[in-house]
Number of protein chains: 2
Amino acid sequence: MKLSTRGRYGTRLMLQLAANYGKKTPLPLTEIARREEISVKYLEQLIIPLKAAGLIESRRGAHGGYVLAKDPDEITIGQVLQILEGNISPVPCVKDPSFCIKYETCNTRKLWETMDKAISKSVCEMTLKEALSA
Amino acid sequence: MKLSTRGRYGTRLMLQLAANYGKKTPLPLTEIARREEISVKYLEQLIIPLKAAGLIESRRGAHGGYVLAKDPDEITIGQVLQILEGNISPVPCVKDPSFCIKYETCNTRKLWETMDKAISKSVCEMTLKEALSA
DNA sequence: TATTTATCCTTCCGGTTTAGTAGGAAAAAA
DNA sequence: TTTTTTCCTACTAAACCGGAAGGATAAATA
Ligand code: FES
Ligand code: FES
């Protein structure tokens, strides 16, 4: 039950942008790539859906780069993971009952719901700001 | 970040055995397969590592089947998942620091540790007995 | 205007994992 | 000796993962 590199790298990317929030110049991917030791090419891919979701804004050309579109305390880790990994529930039926045939009589459903809630409460509801200062 | 069918089906399998604990006759896979609507062939595969780990005992031949090797309150969901899915941490470095090059300076490490603990406390430490009565 | 620095856009790919299936051997009970 | 059940070894189609490649477009600067 692993988080993929999309979720992990994407979160690091967002935290870099959060740390840069309020600064005058946007942060280019080349700089983030250097700091995080992740290839620019891969970061480019990860940032597409984050921008599409409205979490990030970009400025092209020299001295361009990316900035958060909102305050770091208005973006949660859960949003970031949802965008990059899709539904983060450890078991799909938690969000989509039709996934399991035996949904009604399943002896493990409550178990997975408990796990899902624990994950949500612990990190999904955490904001970038909180994650930075943690 | 999904649990695979191994972990999900395996847990259901173990809960069936837990419900059968103390009964006179062992529970054959054909019966578990019927109740859970999972193929016998697949259950056979899942039960191998569970038996190897000493959680289960078997009796061959007619009227044979499987029984828990321990009390349902001495087996945790975490043990079952560990056996079937391997390390369950959402991010490997939580258990194996050498996994991440930037371990020292990583801005997300605490985050994943928090998530890992939340998962452990919520369900991994739960026993089969507790899971049954939940 | 030419160059440089960036984002933006599309495509491709090898390797691993997942979710099983298939076929039969061995043992125990009836 | 037939039936039931575990036990054992292979096999595989499809999906997913973790990127790399190659270039187009836009903006700032010299
Ligand atoms: S695992 Fe989905 S309902 Fe049980
Ligand atoms: S993700 Fe492993 S140290 Fe940061």
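Letters A, B, ... mirror the listed sequences (proteins, then strands); counts begin at 1.
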Q: Does A/Arg59 make a cation-pi contact with A/Tyr66 (under 6.0 Å, within 45 degrees of the axis)?
A: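 Here A/Arg59 fails the 6.0 Å and 45° test against A/Tyr66.
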Q: Per the salt bridge (Lys or Arg N to Asp or Glu O under 4.0 Å) rule, which among B/Lys117, B/Lys110, B/Arg109 passes with B/Glu113?
A: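 Going through B/Lys117, B/Lys110, B/Arg109 one by one, the salt bridge (Lys or Arg N to Asp or Glu O under 4.0 Å) with B/Glu113 is satisfied by B/Arg109 alone.
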Q: Identify, residue by residue, the members of residues 28-36 of chain A with a heavy atom below 4.0 Å from DNA chain C, and return them in order of residue number, or none.
A: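 Within residues 28-36 of chain A, the residues near DNA chain C are A/Pro28, A/Leu29, A/Thr30.
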Q: Any side-chain to backbone donor/acceptor pair from A/Arg8 onto B/Val91? Under 3.5 Å, distance only.
A: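 Side chain of A/Arg8 to backbone of B/Val91: no pair is present.
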Q: Can you tell me if A/Lys2 uses its side chain to pair, donor with acceptor, with the backbone of B/Ser89 under 3.5 Å?
A: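 Looks like yes, one N/O pair under 3.5 Å.
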Q: Can you tell me if B/Thr108 uses its side chain to pair, donor with acceptor, with the backbone of B/Leu111 under 3.5 Å?
A: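 Checked: no pair found.
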Q: On DNA chain C, which is the earliest and which the latest nucleotide, 5' to 3', with an atom closer than 4.0 Å to a heavy atom of chain A?
A: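 The protein-touched segment is C/dT5 to C/dT11.
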Q: Determine the contact category for A/Lys51: base if any of its heavy atoms lies under 4.0 Å from a base atom, sugar-phosphate if only primed atoms, P, OP1 or OP2 are that close, otherwise nothing.
A: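 Sugar-phosphate, no base atom in range.
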Q: Any sub-3.5 Å donor-acceptor pair from B/Ser4's side-chain atoms to B/Arg6's backbone N or O?
A: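 Indeed, once roles are kept as given, a pair shorter than 3.5 Å links the two residues.
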Q: Could you tell me whether A/Lys121 and A/Glu125 have a side-chain N and a carboxylate O separated by less than 4.0 Å?
A: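 So A/Lys121 does not pair with A/Glu125 through a salt bridge.
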Q: Has B/Glu130 got a side-chain atom pairing as donor or acceptor with B/Thr127's backbone, closer than 3.5 angstrom?
A: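 Looks like yes, one N/O pair under 3.5 Å.
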Q: So does A/Lys102 have more than 12 non-hydrogen atoms from other groups sitting under 6.0 Å from NZ?
A: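 Counting other residues, nucleotides and ligands, NZ of A/Lys102 exceeds 12 neighbours.
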Q: B/Leu46 has an atom CG; how far is it from atom P of D/dC7, in whole Å?
A: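 To the nearest whole Å, that distance equals 14 Å.
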Q: In the 5'-to-3' direction, what one-character label does each nucleotide of nucleotides 14-24 of chain D receive under the scheme B = base within less than 4.0 Å of a protein heavy atom, S = sugar-phosphate only, - = no such atom?
A: ----SBBBBB-
Q: For B/Ile56 and D/dC7, give me the distance from atom CD1 to atom C1', rounded to whole Å.
A: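 Rounded to whole Å, this separation is 14 Å.
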Q: Can you check whether A/Lys129's main-chain N or O pairs, donor with acceptor, with A/Asp71's side chain at less than 3.5 Å?
A: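 Such a contact is absent between A/Asp71 side chain and A/Lys129 backbone.
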